[in-house]
Amino acid sequence: MIPFLDLGASYRELKPEIDTAVSRVLNSGWYILGPEVEAFEAEWAEYCGAKHAVGLANGLDALILALRALDVGPGDEMIVPSNTYIATWLAVSAVGATPVPVEPDAATHNIDPNRIAAAITPRTRVLLPVHLYGQPADMDPILTLAREHGIAVVEDAAQAHGARYKGRRIGAHGDVVCWSFYPGKNLGALGDAGAITTNRPDLAGRIRVLRNYGSRVKYVNEVPGVNSRLDPIQAAVLCVKLRHLNNWTERRRAIANLYSKELADSGLILPHVPDWADPVWHLYVVRSLDRDRLQRRLTEAGVGTMIHYPIPPHMQAAYAGLGLAPDALPLARRLADEVLSLPMGPQLAMANAGRVIAAVQGAAR
Ligand SMILES: *Cc1c(COP(=O)(O)O)cnc(C)c1O
């Protein structure tokens with residue numbers, strides 16, 4: 001059996017290093033914020049090419065606090081991809097604003113910059129692109145539109161650790177970049193964790209205050225904040241794993257290259273990589289008109305797959321209130337019916353990737 005993803009494998013690979021780091025924190029007696037969190041923030045900011053990083057409890061909070069720091073809320077509109085994980089939309093709802101979905105580019109599945117202008121209204125305050133599957137969104141036209149209209153850009157980079165757009169790492173193209181270190185992400189903690197990166201000291205400072213009860217000085221509360229602090233144990237784990245991230249990305253890339261080469265004649269639609277994109281292959285997503293059958297046959301052949309994502313946000317009960325018919329966003333709906341994610345991860349052996357390819361070729365026939 002080849003699982004879609006073996007979550008314990010990255011821990012087993014680094015067990016001595018991680019165990020040492022965790023016991024260092026346990027023995028330090030310092031369990032909230034402090035030196036471990038500060039060390040990771042400095043390393044993560046540097047890795048991302050950003051001036052500031054702020055460690056948070058998870059990726060959804062990173063998005064929510066980024067929006068709160070921009071002072072947006074009820075009555076405001078935010079442009080989100082129609083094809084994304086629902087967390088992107090939930091952050092907009094959490095601050096009381098309205099998500100305005102824009103359809104993807106059919107080749108990359110990322111938000112189509114050519115469709116954004118038509119969705120901008122006088123109420124639009126934020127453009128919220130997502131670097132889906134580890135593939136950067138087309139940032140230059142997005143940043144140009146934002147500048148022209150005086151709109152902020154918040155990036156959902158929860159799947160894009162280390163990805164590059166036109167040679168430069170994701171981390172500070174927009175106003176704030178939001179990260180998740182959920183265990184299954186390319187850089188994953190051993191529990192929930194998240195962060196923001198930014199070049200704007202004002203936003204970094206506001207998010208730092210918001211994550212800690214709205215307080216800079218203990219028992220002095222400037223704003224109604226929340227408790228969303230990165231756990232020092234997770235920060236220590238992330239520092240260890242960060243040293244291996246580039247190597248792990250290379251292994252993902254080798255698997256993706258093999259899939260793309262060997263499945264070129266399979267009849268499936270394979271991922272398209274624009275020449276300005278340097279993706280990190282969080283997911284390797286193929287499209288099939290007969291997706292459910294393909295998935296069934298792969299399961300029978302012992303190959304685990306996943307669907308990212310089976311129900312688009314606009315068709316979820318959570319968003320019934322927006323009154324969007326399923327076909328209001330036909331591309332998002334179609335992708336949900338056709339996409340399939342093949343096994344992918346740094347610990348997936350090349351021999352097993354070869355077995356996945358053979359199973360896909362057998363199943364597609
Ligand atoms: C994982 C993910 C999130 C949410 O991150 P959590 O840490 O699970 O809260 C947000 N957006 C996208 C695109 C994600 O993949």
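Not measured: the values here are computed from a predicted model. Both counts, for ligands and for their atoms, begin at 1 and track the order of listing.
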For the rings on His161 and Tyr47, is their centre-to-centre separation under 6.0 Å? no

N/O to N/O below 3.5 Å, does that happen between Thr84 and ligand 1? no

So, is Tyr85 polar-close to ligand 1, with some N/O to N/O distance under 3.5 Å? no

Which residue and atom name correspond to the protein heavy atom nearest [atom], and how close is it?
atom                    : answer
atom 10 (C) of ligand 1 : Ala87 CB, 3.4 Å
atom 1 (C) of ligand 1  : Lys185 NZ, 1.7 Å
atom 11 (N) of ligand 1 : Asp156 OD2, 2.7 Å

Which atoms of ligand 1 are found less than 4.0 Å from any heavy atom of [X]?
X      : value
Leu60  : 4 (C), 5 (O), 6 (P), 9 (O)
Ala158 : 2 (C), 3 (C), 10 (C), 11 (N), 12 (C), 14 (C), 15 (O)
Gly59  : 5 (O), 6 (P), 7 (O), 9 (O)
Asn58  : 7 (O), 9 (O)

Arg253/Asp278 ion pair, N-O < 4.0 Å: yes

I'd like to know if Glu43 pairs up with Arg243 as an ion pair, taking the criterion as any Lys NZ or Arg NE/NH1/NH2 lying under 4.0 Å from an Asp or Glu carboxylate oxygen. no

Side chain to side chain, [X] and [Y], heavy atoms closer than 4.5 Å:
X      : Y      : result
Tyr182 : Asn58  : no
Trp44  : Ile196 : no
His109 : Arg287 : yes
Arg355 : Val303 : no

Proximity winner for atom 8 (O) of ligand 1, if only heavy atoms of Trp89, Tyr182, Tyr309, Tyr133 are counted: Tyr182

